[in-house]
Amino acid sequence: MSKKPLNFLCISTYFKGEDFLKSCKADGNNVFLLTKKKLDQEPWPWESIDDTFYIEDWNQHDVSKGIAYKFREIKFDRFVALDDFDVEKVALLREHFRMPGMGRTTAHYFRDKLAMRVKAKEEGVNVPEFTDLFNNDTINEYADRVPAPWLIKPRMEASATGIKKIHSKDELWQVINDLGDERDNYLVEKFAPGDVFHVDGLNVDGKVMFSRVSKYLDTPFEVAHGGGIFRSASSKIGSKIEKGLQKMNAEVMKAFGMQFGASHTEFIQSKATGELFFLETSSRVGGANLAEMVQYASGINLWSEWAKIEAANLRKTKYKLPKINNQYAGIVVSLSRFEYPDTSSFTDKEIAWRMDKQWHIGLIVVSDSSERVLELLDQYTDRIGKEFHASLPAPDKSL
């Protein structure tokens, strides 16, 4: 008996999620894309998209009315936010149209860094000491009690965008005063030097179905603010750190009410104590080509499987995870001083992927040996730094 096609409205104000769209279509569904007009020349998988709706800029009222008009002819079954910046907007749309999936309250835990920390702390998940910037006395009490350095972070930005490192109470107040009426949209937290890890996972029926632990060899903050070269690599399978982070990731997903879909969660291990702290999470596939790295290590395409999980949830059928490989992968990505960098001089058999993006250079390597992956990443980072690397200052906020 053939399955009745489901109508997926996939919403993304950035170019991403091609494999989600392809998987949705391959599963026999109708796929509709809502995106920005300026992205109409991007190489979307047009053969997998039944219709595209364009907007110039996001206006919640106008988008709602546009979808309501299309809804007269198309009975949408699911709204999916493909990018971090669209998570809360789409949660509002779900509530307006009474669509199943993550609503505004849960979505907030996956977008608002202050909501994340408050909820995690309430649920007993370890977080760096933090405070909101609402009340002057609270800020002073925090600054007197928690030794600097601290990080000031925007509550709603993604990655390392807009983060500032603060070294004294006077500097803290100077930054807060410069924020003016925007200070309520920020928080401050203890900066603890340490290794930063990310756990990329799939969640089904309120449980973590799959997760893979990797370590940033250069953190997004260091890369964004130091003009460095981005690197990440799979953690040792079966290691104490892997088991600890998989357990902590499951605790975060449960605390935040994640029912189904993809997630990308970051943790830090304190250099001083070895203690693990939750940093932030998102209800999406990780950016910076980390999904490709996870796929080469595990055989699991996070975008494709997320699409299958959404469809299984709607059809009330059981989702089955494909067979998992246990290999190791690593990624190195840098801005390039060449528009089309030639990577043909990188010839190791472990190279599985080469980035095809103007003014960028990137490689993914895969091996049965964690040590071999790290060795290659070190070699490539040195070479890229000497032969290709270029850097730009970090943007203060997302464009």
Side-chain angles (χ1 to χ4, degrees), residues 8-24 31 33-36 39 42 44 58 78-94 99-113 115-116 119 154-161 197-204 206 208-214 216 220 232 249-250 252-253 255-267 278-295 298 300-311 313 319 331 398:
F8 277 80
L9 177 59
C10 301
I11 299 166
S12 187
T13 50
Y14 289 80
F15 173 61
K16 59 168 51 180
E18 305 98 292
D19 284 346
F20 185 101
L21 302 169
K22 289 178 190 172
S23 181
C24 251
V31 179
L33 174 67
L34 189 157
T35 190
K36 287 192 169 181
L39 301 178
E42 296 288 355
W44 296 100
W58 191 280
R78 185 72 102 211
F79 295 159
V80 181
L82 298 179
D83 185 73
D84 211 20
F85 288 105
D86 303 315
V87 166
E88 277 213 300
K89 300 166 187 167
V90 175
L92 286 169
L93 291 173
R94 288 193 196 104
M99 189 68 61
M102 189 181 286
R104 184 168 26 174
T105 302
T106 303
H108 224 55
Y109 297 140
F110 289 90
R111 276 290 292 136
D112 180 343
K113 291 180 172 68
M116 285 179 204
K119 182 64 173 171
R155 291 168 58 176
M156 303 300 282
E157 294 291 352
S159 186
T161 306
F197 295 83
H198 54 99
V199 181
D200 296 276
L202 296 167
N203 307 276
V204 180
V208 179
M209 171 71 72
F210 163 82
S211 65
R212 185 53 60 112
V213 178
S214 311
Y216 291 119
S232 179
N249 178 62
V252 170
M253 292 300 113
F256 289 6
M258 168 60 94
Q259 291 304 305
F260 58 89
S263 60
H264 172 78
T265 309
E266 297 183 350
F267 301 88
F278 163 67
L279 285 179
E280 57 195 62
T281 189
S282 51
S283 57
R284 59 167 172 89
V285 172
N289 299 104
L290 293 174
E292 286 86 343
M293 185 189 83
V294 170
Q295 182 175 0
S298 67
I300 301 297
N301 183 317
L302 295 167
W303 286 109
S304 298
E305 297 310 311
W306 177 17
K308 291 171 188 172
I309 288 167
E310 294 274 357
N313 177 269
Y319 167 78
I331 186 169
S398 66

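Atom set for the values below is all heavy atoms of this structure, side chains included, hydrogens, waters and symmetry mates excluded. One is the number of the first residue; the rest follow in order along the sequence.
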Check: Are Glu88 and Arg111 within salt-bridge range, i.e. N to O under 4.0 Å?
Finding: no
Item checked: Least distance between heavy atoms, Ala91 atom then Ala107 atom -> CB-CB, 3.6 Å
Next item on the list: Dump the intermediate steps for side chain to side chain contact (heavy atoms under 4.5 Å, CB included) on Met116 and Phe278, then the final yes or no.
Entry: CA-CA 9 Å; Met116 285 179 204; Phe278 163 67; 4.1 Å; yes
Next item on the list: Side-chain contact test, heavy atoms from C-beta onward, threshold under 4.5 Å: evaluate it for Leu34 versus Phe79 and give yes or no.
Entry: no
Notebook entry, point to check: Does any non-hydrogen side-chain atom of Asp19 lie less than 4.5 Å from one of Lys22?
Noted result: yes
Note to self: Go through it in stages, so that I can follow the logic: the residues are Met102 and Arg94, the test is side chain to side chain contact (heavy atoms under 4.5 Å, CB included), and I'd like the CA-CA distance, side-chain angles, deciding distance and then a yes or no.
What the structure shows: CA-CA 8 Å; Met102 189 181 286; Arg94 288 193 196 104; 3.7 Å; yes
Next item on the list: Decide yes or no for Val252 and Phe267: does some side-chain heavy atom of the first lie under 4.5 Å from some side-chain heavy atom of the second?
Entry: yes
Item checked: Side-chain donor or acceptor of Ser298 paired with backbone N/O of Val294 under 3.5 Å -> yes
Next item on the list: Please name the pair of heavy atoms, one in Gly101 and one in Phe260, separated by the smallest distance, quoted to 0.1 Å.
Entry: CA-CZ, 4.2 Å
Margin query: Among Trp44, Trp58, Phe85, exactly one meets ring-ring contact (aromatic ring centres under 6.0 Å, His included) together with Tyr14. Which residue is that?
Written below: Phe85
Note to self: Main chain of Arg284, side chain of Asp84: is a donor-acceptor contact present, judged purely on distance under 3.5 Å?
What the structure shows: no
Checklist line | Euclidean distance, Ser211 OG relative to Leu202 CG, rounded to 0.5 Å | finding: 9.0 Å
Notebook entry, point to check: Any donor and acceptor pair, going by atom type alone, linking the side chain of Thr35 with main-chain N or O of Ser12 inside 3.5 Å?
Noted result: yes
Margin query: Is there a salt bridge (Lys or Arg N to Asp or Glu O under 4.0 Å) between Asp200 and Arg212? Walk through the geometry before answering.
Written below: CA-CA 5 Å; Asp200 296 276; Arg212 185 53 60 112; over 6 Å; no
Item checked: Side-chain (Asn203) to main-chain (Gln259) donor-acceptor, under 3.5 angstrom -> no
Note to self: To the nearest 0.5 Å, what is the distance between CZ on Phe110 and CD on Glu280?
What the structure shows: 12.5 Å
Check: Rounded to the nearest 0.5 Å, how far apart are CG of Leu82 and NZ of Lys16?
Finding: 8.5 Å
Checklist line | Check against side chain to side chain contact (heavy atoms under 4.5 Å, CB included), Trp303 and Glu18 | finding: CA-CA 8 Å; Trp303 286 109; Glu18 305 98 292; over 6 Å; no
Next item on the list: Applying side chain to side chain contact (heavy atoms under 4.5 Å, CB included), run through His264 and Thr281 and close with a yes or a no.
Entry: CA-CA 6 Å; His264 172 78; Thr281 189; over 6 Å; no
Notebook entry, point to check: What is the minimum heavy-atom distance between Gly257 and Thr106, and which atoms define it?
Noted result: O-CG2, 3.9 Å
Notebook entry, point to check: Nearest 0.5 Å, what's the OG1-CG distance between Thr13 and Leu39?
Noted result: 8.0 Å
Next item on the list: Please name the pair of heavy atoms, one in Cys10 and one in Val31, separated by the smallest distance, quoted to 0.1 Å.
Entry: SG-CG1, 4.3 Å
Margin query: With rounding to the nearest 0.5 angstrom, report the NZ to CG distance, Lys119 to Asp112.
Written below: 13.5 Å
Note to self: To the nearest 0.5 Å, what is the distance between OG on Ser232 and CG on Asn289?
What the structure shows: 11.5 Å
Next item on the list: Could you pull out the closest heavy-atom pair between Val208 and Ala250, with the gap in Å?
Entry: CG2-CA, 3.9 Å
Note to self: Counting C-beta onward and ignoring hydrogens, is there a side-chain heavy-atom pair between Ile11 and Leu93 closer than 4.5 Å?
What the structure shows: yes
Check: With side chains defined as the heavy atoms from C-beta onward, is the minimum distance between Leu290 and Tyr216 less than 4.5 Å?
Finding: yes
Next item on the list: Write down the atom of Met293, the atom of His198, and the distance for their closest heavy-atom approach.
Entry: CE-CE1, 4.0 Å
